[in-house]
Amino acid sequence: MVLATQQNFISKSKITELEKALSGKGFVRIHRSFVINSDFVTAFSSNDVVVCGHQIPVGRSYKKEFDAFIYSVSSNKLL
């Protein structure tokens, strides 16, 4: 894991376990190797997300979930 402070954090938990624990707290899985915090997203396209200056790819199998997540986040911020 990489924290917002740019520190690395090593965990013995599986990413699926982390994904479940963080679900509903502003985190979304966008790739088989990445779970991101929406508070730190600075830009996104249909294929990438920029989080704290790091460009992260959106995996094909996570694209539909990511699109729904971005739609819900942007809808809430527009209200």
Side-chain angles (χ1 to χ4, degrees):
M1 275 189 235
V2 178
L3 304 176
T5 58
Q6 301 300 319
Q7 295 174 316
N8 288 327
F9 178 78
I10 298 172
S11 173
K12 292 184 179 186
S13 298
K14 294 180 181 182
I15 196 164
T16 53
E17 294 170 358
L18 293 171
E19 178 186 16
K20 287 178 187 175
L22 298 171
S23 179
K25 298 177 181 166
F27 289 82
V28 65
R29 189 163 182 183
I30 62 163
H31 189 275
R32 70 181 207 154
S33 301
F34 298 104
V35 176
I36 61 167
N37 183 336
S38 65
D39 292 341
F40 293 95
V41 173
T42 55
F44 62 89
S45 70
S46 60
N47 299 319
D48 315 295
V49 179
V50 178
V51 179
C52 295
H54 299 281
Q55 189 170 351
I56 302 170
V58 176
R60 285 185 308 228
S61 59
Y62 298 94
K63 177 121 177 61
K64 191 174 184 180
E65 180 183 352
F66 173 71
D67 289 345
F69 177 78
I70 290 299
Y71 179 78
S72 73
V73 169
S74 62
S75 294
N76 289 338
K77 290 185 179 181
L78 293 174
L79 300 176

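When a residue number appears, it is its place in the shown sequence, counting from 1.
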Any chance you could lay out the side-chain contact (heavy atoms from CB on, under 4.5 Å) test for V51 and V41, step after step, and finish with the verdict? CA-CA 5 Å; V51 179; V41 173; 4.1 Å; yes
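- Cluster membership check: I15 shares its hydrophobic cluster with L22, using side-chain heavy-atom separations under 4.5 Å among Ile, Leu, Val, Met, Phe, Trp and Tyr.
- In this structure, CZ in R29 is found 12.0 Å from OG in S23, a value given to the nearest 0.5 Å.
- R60 CZ to H31 NE2: the interatomic distance, rounded to the nearest 0.5 Å, is 9.5 Å.
- Summarising the local packing, CD of Q55 is surrounded by 12 or fewer heavy atoms from other residues, nucleotides or ligands at distances under 6.0 Å.
- When all heavy atoms of S45 and F66 are compared, the pair lying nearest together is O-CE2, 4.0 Å.
- Note: the hydrophobic cluster containing I56 also contains F44 (ILVMFWY, side chain heavy atoms under 4.5 Å, direct or indirect links).
- Follow the hydrophobic side-chain contacts under 4.5 Å out from V49 and you reach F40 in the same cluster.
- No more than 12 heavy atoms of other residues, nucleotides or ligands sit less than 6.0 Å from atom NZ of K20.
- With values rounded to the nearest 0.5 angstrom, E65 atom CD is found 10.5 Å from I30 atom CD1.
- The CZ atom of R32 sits 13.0 Å away from atom OG1 of T16, with the distance rounded to the nearest 0.5 Å.
- For the pair G26 and F69, the tightest heavy-atom approach, listed with the atom from each and the gap, is O-CZ, 4.0 Å.
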